[in-house]
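Inspection log for the structure reproduced underneath, given as structure tokens.
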Amino acid sequence: MGGDPGRALSTDALRLLLAGPVEEAARGLLGCTLTANGVTLRLTEVEAYDGTGRDAASHAHRGRTARNAVMFGPPGLAYVYFTYGMHWCLNVVCREEGIASAVLLRAGSIVDGIALARARRPGSTDRDLARGPARLTQALAITGADNGVDLFSDDSPVRLSPPATLDETPAAELVIHSGPRVGVAAEAERPWRFWLAGEPSVSAYRPRVLRRRPTA
DNA sequence: AGTAGGATAATCT
DNA sequence: GATTATCCTACTG
């Protein structure tokens, strides 16, 4: 024998899934583990974003720019972007190279390295440590320096793994709910946010507030 | 429990 | 110059 055939198979299956339709990739990412800088979490909430011309809410909808270039790369890369003047958010690049799409990692529950995560988010409850996309990157100390790294490479600072064994968390037994994406104005009707039922680490839904126009 | 407003800067028009 | 794939604090009930 040697090695761990079950796990290797599962990793290959995950790679294949990421290359396919992004909403299926998003579902497959739930329950996977993400490890960076001494902290590991189990993904409990994600959002799918399609590519150029297919999803008005996607960063790549209007084509390639300096910011979204990684989204056009091969599946399994990390797309990290900066928003609201202070927050980093992490995506998993999906679809074949040349076709942009990505899954935003919105929340997870810490399964290892919780002391480090607490130190990085002082004042947070354990439930809130990675509850929300910018909180998730804070807990794992992920920044723009990680943009473009290969999530499947052994020497990568950020790594993605399928559920530990198929016996422990069979995908068929995961109860997945879906609904509108958070904070998104365009394509508000597209139910491409996916989360695990009964998970306390799932972030609160916030419909985007329409900004009031300046007084006439 | 729920809601409102401010922080703060890259990105795109 | 407007918008933003957010978070935190403060306030109301």
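A note on names: the letters A, B, ... follow the listed sequences, proteins ahead of strands, and every chain is numbered from 1.
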When the distance from [atom1] of [X] to [atom2] of [N] is rounded to whole Å, what number comes out?
X: Y81(A); N: dT3(C); atom1: OH; atom2: C1'; value: 13 Å
X: Y79(A); N: dA5(C); atom1: OH; atom2: C1'; value: 9 Å
X: E45(A); N: dA5(C); atom1: CD; atom2: P; value: 16 Å
X: F194(A); N: dA5(C); atom1: CZ; atom2: P; value: 18 Å
X: D50(A); N: dA5(C); atom1: CG; atom2: C1'; value: 14 Å
X: Q138(A); N: dC7(C); atom1: CD; atom2: P; value: 8 Å
X: R190(A); N: dA5(C); atom1: CZ; atom2: P; value: 14 Å
X: D128(A); N: dT6(C); atom1: CG; atom2: P; value: 16 Å

Could you tell me the separation between the [atom1] atom of [X] and the [atom2] atom of [Y], rounded to the nearest 0.5 Å?
X: L18(A); Y: L160(A); atom1: CG; atom2: CG; result: 7.0 Å
X: L136(A); Y: L129(A); atom1: CG; atom2: CG; result: 10.5 Å
X: R64(A); Y: T52(A); atom1: CZ; atom2: OG1; result: 9.5 Å
X: L30(A); Y: R42(A); atom1: CG; atom2: CZ; result: 8.5 Å
X: I110(A); Y: R131(A); atom1: CD1; atom2: CZ; result: 13.5 Å
X: N147(A); Y: I142(A); atom1: CG; atom2: CD1; result: 11.5 Å

Specify the closest pair of heavy atoms between A197(A) and H177(A), including all atoms of both residues, with the distance to one decimal. CB-NE2, 3.6 Å

Note: F152(A) and D150(A) closest approach over all heavy atoms is N-OD1, 2.9 Å

Which letters describe nucleotides 5-13 of chain B, given B = protein heavy atom under 4.0 Å from base, S = only from sugar-phosphate, - = neither? --BBBSSSS

Please tabulate, for side-chain N and O atoms in residues 185-196 of chain A, each donor-acceptor pair with protein atoms closer than 3.5 Å (sequence neighbours left out).
unit_1: E187(A); atom_1: OE1; unit_2: R190(A); atom_2: NE; d: 3.0
unit_1: E187(A); atom_1: OE1; unit_2: R190(A); atom_2: NH2; d: 2.8
unit_1: E187(A); atom_1: OE2; unit_2: A56(A); atom_2: N; d: 3.0
unit_1: E187(A); atom_1: OE2; unit_2: R190(A); atom_2: NH2; d: 3.4
unit_1: R190(A); atom_1: NH2; unit_2: R54(A); atom_2: O; d: 2.7
unit_1: R193(A); atom_1: NE; unit_2: E45(A); atom_2: OE2; d: 2.6
unit_1: R193(A); atom_1: NH2; unit_2: E45(A); atom_2: OE2; d: 3.0
unit_1: R193(A); atom_1: NH2; unit_2: S203(A); atom_2: O; d: 2.8

Apart from Y205(A) itself, what residues make up its hydrophobic cluster when side-chain heavy atoms of I, L, V, M, F, W and Y under 4.5 Å apart count as a link, directly or indirectly? V182(A)

Contact check, residues 114-123 of chain A vs DNA chain B, heavy-atom distance under 4.0 Å, returns none

Distance-only donor-acceptor pairs under 3.5 Å for side chains of residues 86-105 of chain A, two or more places apart:
unit_1: N91(A); atom_1: OD1; unit_2: L104(A); atom_2: N; d: 3.4
unit_1: N91(A); atom_1: ND2; unit_2: Y79(A); atom_2: O; d: 3.2
unit_1: S101(A); atom_1: OG; unit_2: C94(A); atom_2: O; d: 3.4

Determine which bases of DNA chain B form Watson-Crick or G-U wobble pairs with both distances under 3.5 Å, and write the result as a 5' to 3' dot-bracket string with | for other-strand partners. |||||||.||||.

Need one value for A57(A): base, sugar-phosphate or nothing, where a base atom within 4.0 Å counts as base even if backbone is also close, heavy atoms only. base

